[in-house]
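One structure is given here, and the rest of the page talks about it.
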Amino acid sequence: MKIGLEVHVALPTKTKLFCSDSTSETREPNSQICPICVGFPGSRPVLNEEAVRVAKSIAIALNCRVREDISFIRKVYFYPDLPKSFQITQLSESIGSDGFLELEKKRVGIRRIQIEEDPARIIREEGYTLLDFNRSGIPLVEIVTEPDITTEEELREMVFTLRTILHYQGVDVNQEVKTDLNISLAEERVEIKNVTGIKNLIAAAQYEITRQGAIIKKGGVPEKETRSFDAASGTTKTSRKKESEEEYGFIYEPDLTVYDTKNLSENAMRIPTKIAMGLAVKHKANYSTILELIAFDTGALNLINEFEEEFDFKTIIASLEIMKRFGEPANSGVFKEILGLTDQKIDITRDVLKKIKAGDKVEIKKFSEPQIDETIREMLNSDKTIVEKYKKNKNVVNFIVGTISKKYGIQPRDAAARVEGVINKL
Amino acid sequence: MKSYISEFESKDKPKDYYQKLLEELKGKNRELHVFNNLNEDLRDGFPFSVKDNICVRGVESTASSKILKTYKPPFNATVVERLQRQGFAFLGKTNMDEFGFGSFGINCETPARNPFNVDYVAGGSSSGAAVATSILKYHVAVAESTGGSISAPAAFCGVVGFTPTYGVVSRNGLIDYANSLDKIGFMARSAADIRKVLNMSVGRDEKDTTSLDARLRDEPKIQFSVINQLMNGLDDKVRSAFDKLLEKLKSMDYKINYVDLKDIEAAIPAYYIISTAEASTNLARYTGFKYGFKVGDFSKRYNDFFTEARMQFGSEAKRRIILGTFVRGASVKNRYYVKALKVRAMLGEKMRRILRESLIISPTMSITTPKISEVEKLSPVQTYALDMLTIPPNLCGFPHVSFPYEYIDDMPIGAQIVGDHFNDYAPISFVENWEGKFKYRFKYNIGAI
Ligand SMILES: [Zn+2]
């Protein structure tokens with residue numbers, strides 16, 4: 001099996017690719033538009049340098065060859081969301097090419113990274129097709145991979161890794177990512193166009209693997225074609241047989257000159273997978289745990305770097321996990337307190353967190369373990385049947401666990417373990 | 001040096017000057033179809049007209065196409081903005097071949113007519129600009145040339161037509177024909193007026209990425225090069241008039257040099273390939289629902305919807321869309337579009353070598369002004385071939401000027417001078433010099449004070 005992807009993501013710029021309209025989210029349709037992004041005759045594109053700079057950074061992060069003299073092309077097709085009936089995009093003279101994405105066990109080739117403009121948003125409503133040009137001209141990069149993905153697991157890992165790298169380049173990875181998926185179990189390539197979102201991407205791949213597998217099992221051959229994915233039913237269906245190859249009639253975009261990218265300063269090159277691996281080796285810690293903490297949280301990585309020398313690495317990781325559990329944004333003030341308490345083996349409860357955030361002094365109540373066990377024994381003695389019942393149903397001690405947890409400020413999980421320990425010794 | 005702009009400024013105008021001008025112009029317009037619309041609010045300032053493919057805020061700008069009827073751009077072209085800032089007064093939008101597709105001005109609903117004789121063409125595609133310049137005493141025209149759309153009508157209407165180096169005048173606000181070839185330029189009754197408006201219009205514009213901040217030169221040449229290959233297809237009358245011009249130039253101490261420029265014939269196919277390839281993408285946006293002609297029936301499927309809108313194109317526009325779509329098709333692109341780009345680069349290099357030491361001179365058109373009835377009979381290929389003399393400088397972006405140098409049977413004919421890139425003022429200087437030895441004739445002097 002071979003899978004290749006064409007992933008489209010919006011670049012984090014304040015203004016659109018070829019005009020000065022804002023890219024911010026807005027509820028009012030067609031409120032951030034101008035003659036350029038609506039394609040009025042007489043208007044012409046002016047390239048947003050920041051978009052090129054971020055695209056260059058992404059190209060470097062994906063180990064691409066970065067082109068110094070980029071140019072743009074017109075891709076011509078008729079669709080209501082395309083105001084000029086051509087999209088300004090890139091092909092052979094695109095910002096990046098011949099890169100790769102490093103997975104744990106293999107490399108997935110990156111054929112090309114191109115800068116292009118997003119079309120308008122189509123809203124279908126009450127028998128009408130409505131158009132919102134606020135999206136028209138939003139800068140995108142399209143990342144085209146080689147068909148190097150061979151399993152569903154690799155697909156998941158590849159998508160995760162790509163997203164975390166993009167996150168570190170400032171891309172909003174929670175946006176609805178549009179992907180074209182090429183997937184072939186046999187010779188011929190099947191393309192699934194315009195799959196929106198990561199969940200749908202995986203679902204579309206799963207469906208297609210099953211579908212093509214079934215054809216092959218019956219002795220058939222999956223045909224070369226373009227299919228579309230229906231999210232509601234989780235299935236794909238034929239949209240175009242490949243005999244009619246698409247014809248875009250590419251020509252150079254003559255309103256944009258060759259653009260020199262040499263002097264654009266790229267972002268800091270932080271590759272989260274590499275960083276996690278480095279930390280794991282250095283501190284003999286678990287790679288996946290670290291990666292999971294920092295993948296979509298640059299703040300977490302900043303905290304690690306800030307306290308790495310001062311505290312035990314395990315304590316740092318444990319503290320970050322606490323922050324994550326309580327949905328606490330990675331912020332060094334709160335974190336430092338948590339880190340200090342965790343270092344003293346103090347359990348952080350929601351109450352404790354509240355105090356930390358309110359700036360209150362956290363009173364550290366320390367109880368000896370025999371003292372806690374004695375309380376448990378007292379409670380067990382108050383009802384002689386409870387130990388018998390416990391053998392059939394562990395829930396009968398929930399009341400005791402709750403009381404202990406609250407009284408001594410320890411985790412319910414730990415309290416339950418203590419209760420079990422006392423019962424076993426009886 | 002005669003400057004109508006300076007003369008106009010020095011004269012006291014009667015109170016109703018602009019009103020009278022408009023009235024007289026309206027009358028003449030009914031006969032010659034010069035303007036697509038006139039500015040009723042015309043007041044103070046030296047009048048300038050704007051070719052209808054150049055945007056003026058709030059003024060219908062259709063490029064003489066039915067598909068752009070009612071399109072009123074919400075912005076000014078940069079050139080319009082710059083001239084207005086200098087105190088010039090917008091007079092109206094001038095007629096043209098639809099989207100600039102034509103050499104005679106006949107590819108539109110009501111073709112402009114030659115002011116010297118209404119049976120004859122005005123030339124194209126900037127037909128109205130040339131006629132307006134020929135009939136108005138105090139006026140300059142903002143026109144545009146892709147393959148000869150300034151030189152050809154200027155020659156047929158007996159005015160000076162100047163096309164600058166590609167990129168020195170911003171194209172912002174131009175309704176595109178072929179972006180890598182389109183140049184906004186000017187027509188006037190004297191070279192000195194061209195120099196003035198060019199000077200006001202040049203300079204980098206943030207809104208046009210291809211616009212340049214080049215310092216234009218005025219580097220005189222005493223040597224004129226005549227390209228042998230371009231002299232082959234000349235009409236006899238044109239040939240003998242042109243030979244006389246060369247003799248006259250010799251007597252003015254210019255040197256005439258005959259040179260070979262192999263493969264210059266390839267300029268025509270290269271030009272038509274690049275221009276139609278670009279035009280077919282530019283015209284793709286006209287789909288009938290955001291501006292201009294609107295289909296109205298929203299129950300149609302999109303393909304049927306935009307197909308109905310695109311019926312509004314005239315036949316030459318349709319021909320160029322089909323041709324342009326073909327030459328950029330994946331299976332033939334290398335043979336046509338890519339090769340044409342190479343031919344353009346190759347010819348540009350060859351011409352530059354000649355232009356380093358000299359100016360290139362030729363007749364502007366290989367024929368005398370034809371009758372409308374004559375050109376209607378020509379096939380597209382015959383028509384395209386008539387652009388042979390104007391295409392090479394246009395294809396390669398060299399500045400050039402067409403100026404009247406003779407009258408045959410009371411109709412003017414023009415010659416064309418080409419300079420090196422950014423030596424834009426050299427051809428203009430020559431024409432200023434020429435005007436000292438030759439008197440232009442105009443049939444009308446509307447607005448004379
Ligand atoms: Zn815009």
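Labels below follow one simple rule: chain letters A, B, ... track the order of the sequence lines, proteins then strands, and each chain is numbered from 1. Atom set for the values below is all heavy atoms of this structure, side chains included, hydrogens, waters and symmetry mates excluded.
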Looking at [Y], is its backbone amide N or carbonyl O close enough to the side chain of [X] to form a donor-acceptor pair, meaning the two atoms are under 3.5 Å apart?
{"X": "S211(B)", "Y": "D205(B)", "result": "yes"}
{"X": "D52(B)", "Y": "K93(B)", "result": "no"}
{"X": "N39(B)", "Y": "G92(B)", "result": "no"}
{"X": "T276(B)", "Y": "R320(B)", "result": "no"}

Do the non-hydrogen side-chain atoms of [X] and [Y] ever get within less than 4.5 Å of each other?
{"X": "D69(A)", "Y": "E93(A)", "result": "no"}
{"X": "L17(A)", "Y": "L47(A)", "result": "yes"}
{"X": "E81(B)", "Y": "R57(B)", "result": "yes"}

Let me know if [X] has heavy atoms under 4.5 Å from chain A in its side chain, its backbone, both or neither.
{"X": "F305(B)", "answer": "neither"}
{"X": "L341(B)", "answer": "side chain"}
{"X": "L68(B)", "answer": "side chain"}
{"X": "D182(B)", "answer": "neither"}

_Modelled atom types, side-chain donor and acceptor of E278(B) and S180(B), under 3.5 Å_ = yes
*At their closest point, which heavy atom of E117(A) faces which heavy atom of F18(A), and how far apart are they?*
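Looking at all heavy atoms of both residues, the closest pair is OE1-CD1, 3.8 Å.
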*Taking G173(B), S280(B), A277(B), G324(B) one by one, which has the highest count of heavy-atom pairs under 4.5 Å against chain A?*
G173(B)
*Quick one: of I54(B), L283(B), N282(B), who has the most non-hydrogen atom pairs under 4.5 Å with chain A?*
N282(B)
*With a 4.5 Å heavy-atom cut-off (strictly below), which parts of residues 34-43 of chain A touch chain B? List them by number.*
P35(A), V38(A), G39(A), F40(A), P41(A), G42(A), S43(A)
Measure distances from [X] to the heavy atoms of chain B and classify the residue's part below 4.5 Å as side chain, backbone, both or neither.
{"X": "Y259(A)", "value": "neither"}
{"X": "F86(A)", "value": "side chain"}
{"X": "V46(A)", "value": "both"}

*Do the ring planes of Y252(A) and Y337(B) sit parallel (below 30°), tilted (30 to 60°) or perpendicular (above 60°)?*
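If you compare the ring of Y252(A) with that of Y337(B), the planes turn out tilted.
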*Relative to chain B, which of P45(A), S85(A), P80(A) shows the most heavy atom pairs under 4.5 Å?*
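Heavy-atom pair counts peak at P80(A).
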*Any Lys/Arg nitrogen of E253(A) or K84(A) sitting under 4.0 Å from an Asp/Glu carboxylate oxygen of the other?*
no
*Is it true that D255(A) and R171(B) have a side-chain N and a carboxylate O under 4.0 angstrom from each other?*
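Salt bridge present between D255(A) and R171(B).
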*For side-chain hydrogen bond (donor to acceptor under 3.5 Å, both in side chains), just list the numbers for R82(B) and S170(B), CA-CA rounded to whole Å, side-chain angles, deciding distance to a tenth of an Å, and then say yes or no.*
CA-CA 10 Å; R82(B) 287 184 179 175; S170(B) 167; over 6 Å; no
*For the pair F99(B) and Y286(B), evaluate ring-ring contact (aromatic ring centres under 6.0 Å, His included) and give the outcome as yes or no after the intermediate values.*
CA-CA 12 Å; F99(B) 288 109; Y286(B) 301 111; 5.3 Å; yes
*Give me the contact list for residues 325-335 of chain B versus chain A, heavy atoms only, anything under 4.5 Å, ordered by residue number.*
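Those residues of residues 325-335 of chain B which have a heavy atom under 4.5 Å from chain A are R328(B), G329(B), A330(B), K333(B).
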